[in-house]
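In what follows, chains are A, B, ... by sequence order, proteins preceding strands, each numbered from 1.
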Protein chains: 2
Amino acid sequence: MDRQRTDKNGENSAQGRPTLKTLAFMTGLGVTTVSRALKDAPEIGAETRRRVQLVAKQIGYRPNRAGVRLRTGRTNVISLVLNTDREIMSFVSDIIYGVSEVLAETPYHLIVTPYSRSQDPMEPIRYLVETGSADGVIISRTQPNDPRARYMLEHGMPFATHGRTDMGLVHPYHDFDNHVFAMEAVRRLASMGRRKLALLSPPPGLTYYGHTLNGFADALSEVGASEIPFNTVSIDHTIEQIRTRTAQVMRRENRPDGFVSSAAAATLAIVAGIEDAGLKLGRDVDVVSKQSSDLLHLFRPELLVVNENFRLAGSDLARSVLGWIGGAAPGSLQRLVATSEVQAFSPPVSV
Amino acid sequence: MDRQRTDKNGENSAQGRPTLKTLAFMTGLGVTTVSRALKDAPEIGAETRRRVQLVAKQIGYRPNRAGVRLRTGRTNVISLVLNTDREIMSFVSDIIYGVSEVLAETPYHLIVTPYSRSQDPMEPIRYLVETGSADGVIISRTQPNDPRARYMLEHGMPFATHGRTDMGLVHPYHDFDNHVFAMEAVRRLASMGRRKLALLSPPPGLTYYGHTLNGFADALSEVGASEIPFNTVSIDHTIEQIRTRTAQVMRRENRPDGFVSSAAAATLAIVAGIEDAGLKLGRDVDVVSKQSSDLLHLFRPELLVVNENFRLAGSDLARSVLGWIGGAAPGSLQRLVATSEVQAFSPPVSV
DNA sequence: TCAATATACTGAAACGTTACAGGTTGCCAG
DNA sequence: CTGGCAACCTGTAACGTTTCAGTATATTGA
C-alpha cells in the first residue's frame, strides 16, 4: 500500500526507458517476480509468466546492460583483439562480418581491442582479463607457444584463436590447413613442370609459418622439386620490399620457376617483381596464391589461387567462444578447414 | 570505528580487483573522498589527492565501467555502425584502425554495430539510442536526407558521419571532396586527349553520388568533353556485373576513351572488361580511379590514381564524436579533405 | 483437525560508482 | 566567547539487476 511511494518508477514508463520496476508497477508484481518471469524461472506461475512477458514485449523492455553487468559480472561482450598495423586488410573486414553475423542473434556486443607495433601483444589481453571487460576473446596471429592463450587459460577467460597453438593446452581454434595448402600448391606447380620453387611464407613466429613450411618441404620431396630460398621476406613485409626482393631473385641465374604465396597483396608484389625482371607470368614462372576475395584472377588470369574464407573463420570463432562461455568443452570447439583445390582462371560465362 | 565491519572490502585487495572501497580502506578515507580525489575535485586537500592517486596507481585501480555506467549513464563507448555487405573492404579495416588510434588514448571502447542487406539502416541507430548503448556513434553511407542523422540529432545522441548530409542540419562530418576528385579526374583525362568519358559512380542515394556526378559534369563542360552513359552500374555492383557491363560498352561503336572510377575494386573490373573487349589500357582508353591503398599501380601501371585516406577519416570521425561529447560545437567539427593530385605511376627507385 | 509441504510470490541486500546533503574542525571577526 | 565561514571530509541513497532468505496461501497426508 506504500506502493505509490516505493514505485517512483511508475510514471517513469512515460519518460525514461522501462526497467524492471516499471514492469513490476504495471503488472502489480514485485521486481523479483518480474525478473524471474522474464527468464522463465520454474517457480513463477505459467499465467504470470506469460503476462509479464507480454507486457515486457509491449512496452519494449530491454534489460539494462550496466545493471546486469554490475550485478552478475557478465558483460555480454566479445572482444576481437587486432594488431592495427600488420593484419591483412580483408582479414579485418571479413572476420568482423563473420563475428557480427553470429553475435547479431545474441545479446552480445562486439568490441574491437587494438594493439599496435609498439605494444606488447599481451597488454590488451591483460587489460581485458584484469578489468573483466569481456566475457570472451578472439585473437589472431597465433603462435606455437602463445603467452596470450596460456594467460587466458590460467585466468579462466574463454577465448578462441585464429590459428592453432602448440603448447599441449586445449582451447577452441579455427584454422585453415596451411600444410595442405602448401602441398597442393607445390603439387600443382610440379604438375605444370615447375621444378624450382620459392615460398613467400607467413611471418616466422606464427604457428602457420611452420605448417606452411612443412607442407612446402613435404611436397617438394614428394614431387622431387627443389627450393629456391626466398626467406628474407614474408607476407608481413611491405609491397615494395617483396617486389624488390622478387625482382632480385628473378634476375639470378638460378631463379625460381614457381612461387607459392601466402597472401594476395603479397602476390601482387611478386608478380610486379617478376615483371620488373623482364619475365612473364605463365611462361617463365607460375604463381599459386592464397586469396580471401576473388580478385587475383582479374589481376592476372594466369594466377593460380586457393581461397581462404575469413568470414567463415569469424563466424566459427564467434560460435566457439560463445560455446565455451556456454559451458561446452573447449576441445570440442576446434576446427581445421581443408583447402579447396587450387583454382585456375575460368573466364566469365557471358562474353 | 566500525570500520572493520563496514569495509568488508579491506581484504578484497588481496583477492578481487580493487574498488573505491579498497582504496578507501587503504588510505583510511571515505569512498566519496577517494572518488573525488581521483578526479581532482577542488574540495579535496592537495596532499590527500596526491596520496590517493599514488595508492590508486600502485595497486592498479581501474574504475569499474558497469558501476560508472549504471550511476552516470555514460557508457564510455563509441559505436561504429557498418553495413556488413556493402562496405568497401579496405574501408572497414582502415577506418577501424583510425578510430582505434584515437580511442586508445581515452577510456572509450569501440563497438562495432552491424546491419545487413535485409535490415532497415535505422534499426541499429534506434537500438543504440533507445538502449543508450553508446555515448557517440559513427555512421557511413551518408545520404543527403539521412534519417539516421536526423533521428540522432532529435534524440541528443552525438555522432559523426562519413560523408555529408544536405538537410540544413548541422553535425560533425568527415568527407572526401568527390566533386574535386571527379573534376581533376576529368581534367586529367582531357589533358591526355580523351574526349568521351564514362563515370563509374558511387551508388545513387548516397550524398557523394551527387558530388561525384556534379564534379564530373562540371569538368566535362569545362574541358568540352562528352559523357558516355554508364549509369546502369555503380561501385555497389558486383565485380562481374561491372566487368560485363564495361565489356558491353567497350564493344560499341561509340565507346568511351576514358573512365573515372570511384573505387579500386571496381576499377579492376573495369580494366578486365576493357580487356575482355580486346582493347588496351593506356592506348585505347585511360582510367582514373580512387584507391585507398597503393595497389592499383601494381595491377596496371597505366592506371591513374587518386588516394583517399580512410584511416584519416576514421581518426577524424572519432575525434569529432569525442569533441561533440565533450561539448564542442558540432559545426566546428566538420572537415572536407581536398583530393591529392591525380597520380601516374612512378616506378620504384631501385630496379 | 493439524502439521507438513508445495506453489507463487516478495523485500532486502549487494554489485561499484557518483551526487547530495550534510558533518567536523579550525580560524577569524565581533 | 560566540557566531560564521571556509576547508575538508563523510554517510546515504540511488542507478537496474539478481540472489538470498524468506512469507503467505493452498494442498496434502494422517
Side-chain angles (χ1 to χ4, degrees), chain A residues 1-3 5-10 12-13 15-25 27-52 56 59 61-76 107 131-133, chain B residues 1-3 5-10 12-13 15-25 27-52 56 59 61-76 107 131-133:
Chain A
M1 61 193 54
D2 62 347
R3 175 79 28 96
R5 231 178 12 80
T6 301
D7 287 341
K8 59 171 113 151
N9 253 66
N12 188 352
S13 58
Q15 46 164 281
R17 69 185 262 230
T19 71
L20 287 182
K21 227 185 257 177
T22 322
L23 283 178
F25 177 74
T27 56
L29 297 164
V31 328
T32 304
T33 310
V34 172
S35 173
R36 316 192 76 154
L38 288 177
K39 41 178 62 67
D40 282 319
E43 55 266 79
I44 303 296
E47 144 126 20
T48 303
R49 216 153 47 198
R50 256 180 292 116
R51 196 158 60 88
V52 170
I59 68 174
Y61 167 76
R62 309 261 205 167
N64 178 303
R65 310 190 115 235
V68 175
R69 180 162 171 179
L70 183 57
R71 178 64 238 245
T72 66
R74 273 190 317 115
T75 61
N76 281 330
T131 65
S133 288
Chain B
M1 58 194 60
D2 61 348
R3 175 83 24 96
R5 233 181 6 82
T6 299
D7 287 340
K8 57 172 115 155
N9 253 68
N12 188 352
S13 58
Q15 46 164 283
R17 68 184 263 231
T19 70
L20 288 182
K21 226 185 259 177
T22 322
L23 283 178
F25 177 74
T27 55
L29 297 164
V31 327
T32 303
T33 310
V34 172
S35 173
R36 316 194 76 158
L38 287 177
K39 40 177 62 66
D40 282 320
E43 55 267 83
I44 305 296
E47 144 125 23
T48 305
R49 219 155 44 198
R50 256 181 292 115
R51 197 157 60 88
V52 169
I59 68 174
Y61 168 76
R62 309 262 206 165
N64 179 304
R65 311 189 114 233
V68 175
R69 180 164 171 178
L70 184 56
R71 179 63 237 244
T72 66
R74 274 191 317 116
T75 62
N76 281 330
T131 64
S133 287

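Every residue meeting the side chain to side chain contact (heavy atoms under 4.5 Å, CB included) condition with T27(A), not counting sequence neighbours, appears here in chain and number order: L29(A), V34(A), R51(A), V52(A), V55(A). Under the salt bridge (Lys or Arg N to Asp or Glu O under 4.0 Å) criterion, E43(B) pairs with R36(B), sequence neighbours left out. Residues meeting the side chain to side chain donor-acceptor pair (under 3.5 Å) test with T75(A), sequence neighbours left out: D135(A). Among residues two or more places apart in sequence or in another chain, the side chain to side chain donor-acceptor pair (under 3.5 Å) test is passed with T48(B) by none. Among residues two or more places apart in sequence or in another chain, the salt bridge (Lys or Arg N to Asp or Glu O under 4.0 Å) test is passed with R49(A) by D40(A). Residues satisfying the side chain to side chain donor-acceptor pair (under 3.5 Å) criterion with T72(A), sequence neighbours excluded, are absent altogether.
Residue pairs meeting the salt bridge (charged side-chain N to carboxylate O under 4.0 Å, His left out) criterion with at least one member in residues 65-76 of chain B, sequence neighbours excluded, do not occur.
Heavy-atom distances under 4.0 Å link DNA chain D to E43(B), I44(B), G45(B), T48(B) of residues 41-52 of chain B, given in residue order.
The backbone N or O of R17(A) lies less than 3.5 Å from no partner atom in the side chain of R62(A), so there is not a single donor-acceptor pair.
Between V31(B) and T19(B) there is no side-chain heavy-atom pair separated by less than 4.5 Å. Side-chain contact check for T22(A) versus Y61(A): every heavy-atom pair is 4.5 Å or farther apart.
When the P atom of dT18(C) is taken as reference, atom CG of D40(B) falls 13 Å away, rounded to whole Å.
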Which protein N or O atoms sit under 3.5 Å from an N or O of nucleotides 17-22 of chain D?
unit_1: dT17(D); atom_1: OP1; unit_2: Y61(A); atom_2: OH; d: 2.4
unit_1: dT17(D); atom_1: OP1; unit_2: N64(A); atom_2: N; d: 2.9
unit_1: dT17(D); atom_1: OP2; unit_2: L20(A); atom_2: N; d: 2.7
unit_1: dT18(D); atom_1: OP1; unit_2: K39(A); atom_2: NZ; d: 2.8
unit_1: dT18(D); atom_1: OP2; unit_2: S35(A); atom_2: OG; d: 2.7
unit_1: dT18(D); atom_1: OP2; unit_2: K39(A); atom_2: NZ; d: 3.3
unit_1: dT18(D); atom_1: O2; unit_2: R71(A); atom_2: NH1; d: 2.0
unit_1: dT19(D); atom_1: O4'; unit_2: R71(A); atom_2: NH1; d: 3.4
unit_1: dT19(D); atom_1: O4'; unit_2: R71(A); atom_2: NH2; d: 3.3
unit_1: dT19(D); atom_1: O4; unit_2: T32(A); atom_2: OG1; d: 3.3

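Consecutive Watson-Crick or G-U pairing (both distances under 3.5 Å) extending over three or more pairs maps onto DNA chain D as C:1-30 with D:1-30.
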